[in-house]
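Worksheet: the structure to be examined is printed underneath.
Please read all numbers here as calculations on a predicted model, not as lab measurements. Chain A is the first sequence line, chain B the second, and so forth, proteins listed ahead of strands; every chain is numbered from 1.
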Protein chains: 2
Amino acid sequence: MTTSKTPSERRTHLVRLAGDLFAEQGFRATTVRQIADAAGILSGSLYHHFDSKESIGDEILSAFLEDVLAGYRAAVAESDDPRAAIERIVRSSTATLDRHRAALTMLQRDWNYFSGQPRFAYLRTAMKEIEQTWIDLLERGRETGVFRADLDARLTYRLLRDILWLPTSWASSKSWTTDQIVDGLLRLLFDGIKSA
Amino acid sequence: MTTSKTPSERRTHLVRLAGDLFAEQGFRATTVRQIADAAGILSGSLYHHFDSKESIGDEILSAFLEDVLAGYRAAVAESDDPRAAIERIVRSSTATLDRHRAALTMLQRDWNYFSGQPRFAYLRTAMKEIEQTWIDLLERGRETGVFRADLDARLTYRLLRDILWLPTSWASSKSWTTDQIVDGLLRLLFDGIKSA
DNA sequence: GGGCGCCGACCGAACGCTTGCTTGGTACAC
DNA sequence: GTGTACCAAGCAAGCGTTCGGTCGGCGCCC
């Protein structure tokens, strides 16, 4: 019953509590007092562990992007053809997004807020790498005849990336398992993309 | 150069100015002072035209939902088969969403805020009608063999509705015309849905 | 092994600022 | 001289953040 009393692991616990709130309400819509309430302390006491609310967001966002970029790089490196790479990306992304629900909600709802600040410049950098990966794969697949010749890589990328990020925000609605969603997604995806 | 001085049409102008800001930033993230600045007046003067910030949001949201529901009803009533109805819905929706960018951003970013208030109960009602329309069409299409037999109507609806609402939030990025987007969308859609 | 000093974790109370909204007044129109 | 459209000023509430102080527990010294 007694909770762990690890020294600076309590900080991690606070980040997770904050993340739960961010995932439900977004970053700006969540107040430090709500976070403190969830932890059972006063809002001012949060600043013993973090120097600002933004630092909490920073920790969540950067961890997420490292994770997702690692997945993308592995998918590209360890796949032979574009179609296999895309399937790998979709499957790894779905798992990653599930572990970082808070980060995704923050990117969707508070992108304007974060992307403007120099501190979060790495957001734009990471998004550019993601975009470039998709476009490379789609164009490579088009050139080798795996995908339709009239495919607009940039338009398709925007659709796919956002589509991939949609189901995560459906909360834990329990209606479908992650596997169900990703299978339905892949089905909707490839049967519309491949040439034959 | 002199602007129109119509009596209570100035109110409509204010709603549009507010809508532009809501479309960019969302409802909660937009302040009444920003709206007033855009109109060239002081924030307090807004309350000569509206009794609250929420009233402005109400006007925008209810107008949008009336418009979109009318489109759905017409599409269903004037189409013979489910596939034609869906195509009509997609095309009419795209046009409607383009006219109501602000409402869509508000629903996406501030859904939690609005859906909790009794005043905006009509939001849930309208969403339910939209959902039922989609599910009826998808299941009817599945029964008549137009769509795959293993189609999960509810899951497909959630995907499609959100996908349909995505491109509107891509701001006026000018990269693609509305027609380009809707064609790409329909292509991605039917080639993944139809049985053959 | 009993007292000492320190330190992390937290409280209580406030700070400065922004939020949506109110109030009292004024200038101009018809 | 009544009404519309606005200004100037300000309110209470809420925001993120700061700061002095408290308290229990650990190491250390004699």
Side-chain angles (χ1 to χ4, degrees), chain A residues 2-19 21-22 24-61 102 106 109-110 112-114 116-120, chain B residues 2-19 21-22 24-61 102 106 109-110 112-114 116-120:
Chain A
T2 56
T3 56
S4 65
K5 29 187 102 173
T6 352
S8 77
E9 223 179 25
R10 184 140 193 104
R11 178 194 169 99
T12 311
H13 181 231
L14 288 173
V15 172
R16 190 159 42 223
L17 286 179
L21 289 165
F22 294 159
E24 280 176 37
Q25 310 178 335
F27 181 81
R28 299 191 64 179
T30 301
T31 72
V32 294
R33 274 170 251 262
Q34 285 178 304
I35 301 172
D37 280 357
I41 60 177
L42 287 191
S43 69
S45 308
L46 272 181
Y47 290 80
H48 177 68
H49 306 275
F50 310 94
D51 61 336
S52 71
K53 181 189 176 189
E54 277 175 17
S55 293
I56 308 179
D58 199 343
E59 231 156 286
I60 292 176
L61 286 176
M106 291 161 71
R109 305 247 280 255
D110 307 297
N112 286 351
Y113 176 75
F114 289 119
Q117 300 179 237
R119 170 173 196 173
F120 293 96
Chain B
T2 57
T3 57
S4 65
K5 29 187 103 170
T6 350
S8 79
E9 223 180 23
R10 183 140 193 106
R11 177 192 170 101
T12 311
H13 182 231
L14 288 173
V15 173
R16 188 158 45 221
L17 287 179
L21 289 166
F22 294 158
E24 280 176 37
Q25 311 177 334
F27 180 81
R28 298 191 65 178
T30 301
T31 71
V32 293
R33 273 170 250 263
Q34 285 179 304
I35 301 173
D37 279 357
I41 62 178
L42 289 190
S43 72
S45 307
L46 272 181
Y47 289 81
H48 176 70
H49 305 275
F50 309 96
D51 61 336
S52 72
K53 183 190 175 188
E54 275 176 18
S55 293
I56 308 180
D58 199 343
E59 231 157 286
I60 292 177
L61 286 176
M106 292 161 69
R109 305 248 279 256
D110 306 296
N112 286 351
Y113 175 76
F114 289 119
Q117 302 179 237
R119 171 174 194 171
F120 293 96

(message) Regarding A:Thr30, tell me which of base, sugar-phosphate or nothing describes its non-hydrogen contacts under 4.0 Å with the strands shown.
(response) sugar-phosphate
(request) Let me know the distance between CG of B:Asp58 and P of C:dG20, rounded to the nearest Å. (result) 17 Å
(message) Just the rounded figure in Å: distance from C1' of C:dG20 to CG of B:Leu21.
(response) 16 Å
(request) Kindly compute the distance separating CZ (A:Arg28) from CZ (B:Arg109), expressed to the nearest 0.5 Å. (result) 9.5 Å
(request) Would you indicate which nucleotide in D:dC6, C:dG12, C:dT19 comes nearest to any side-chain atom of A:Leu42? (result) C:dG12
(request) Kindly say if A:His49 contacts the phosphate of C:dC10, meaning a side-chain N or O under 4.0 Å from OP1 or OP2. (result) yes
(request) Would you please confirm or rule out a distance under 4.0 Å between OP1 or OP2 of C:dG8 and any side-chain N or O of A:Arg10? (result) no
(message) Less than 4.0 angstrom from a charged side-chain N to a carboxylate O is my criterion; do B:Arg16 and B:Glu59 meet it?
(response) no
(request) In whole angstrom, give the distance that lies between atom CG of A:Leu14 and atom P of C:dG8. (result) 16 Å
(message) Are B:Phe22 and B:Asp110 packed together at the side-chain level, in the sense that at least one heavy-atom pair is separated by less than 4.5 angstrom?
(response) no
(message) Any non-hydrogen side-chain atom of A:Ile60 less than 4.5 Å from a side-chain atom of A:Phe27?
(response) no
(request) Would you give the length of the straight line joining atom CD1 of A:Ile56 to atom OG1 of A:Thr30, rounded to the nearest 0.5 angstrom? (result) 10.5 Å
(message) What I'd like to find out is whether the side chain of B:Arg119 reaches to under 4.5 Å of the side chain of B:Ser52, using heavy atoms alone.
(response) yes
(request) Grab the CG-P distance between B:Leu46 and D:dC6 for me, whole Å please. (result) 9 Å
(request) Show your reasoning for whether side-chain hydrogen bond (donor to acceptor under 3.5 Å, both in side chains) applies to A:Tyr113 and A:Glu54. (result) CA-CA 11 Å; A:Tyr113 176 75; A:Glu54 277 175 17; 2.9 Å; yes
(request) Rounded to the nearest angstrom, tell me the gap between atom CG in B:Asp37 and atom C1' in C:dG20. (result) 15 Å
(request) Compare side-chain N and O positions of A:His48 against OP1 and OP2 of C:dA9 and report whether any pair is under 4.0 Å apart. (result) yes
(message) Please report the distance, rounded to the nearest Å, between CD in A:Gln25 and C1' in D:dC15.
(response) 14 Å
(request) Find the distance A:Ile35:CD1 to D:dC15:C1' and express it as a whole number of Å. (result) 12 Å
Please enumerate all protein N or O atoms sitting under 3.5 Å from an N or O of nucleotides 17-25 of chain D, with distances to 0.1 Å.
| from | atom 1 | to | atom 2 | distance (Å) |
| --- | --- | --- | --- | --- |
| D:dT17 | OP2 | A:Tyr47 | OH | 2.3 |
| D:dT17 | OP2 | A:Lys53 | N | 2.8 |
| D:dT17 | O5' | A:Tyr47 | OH | 3.3 |

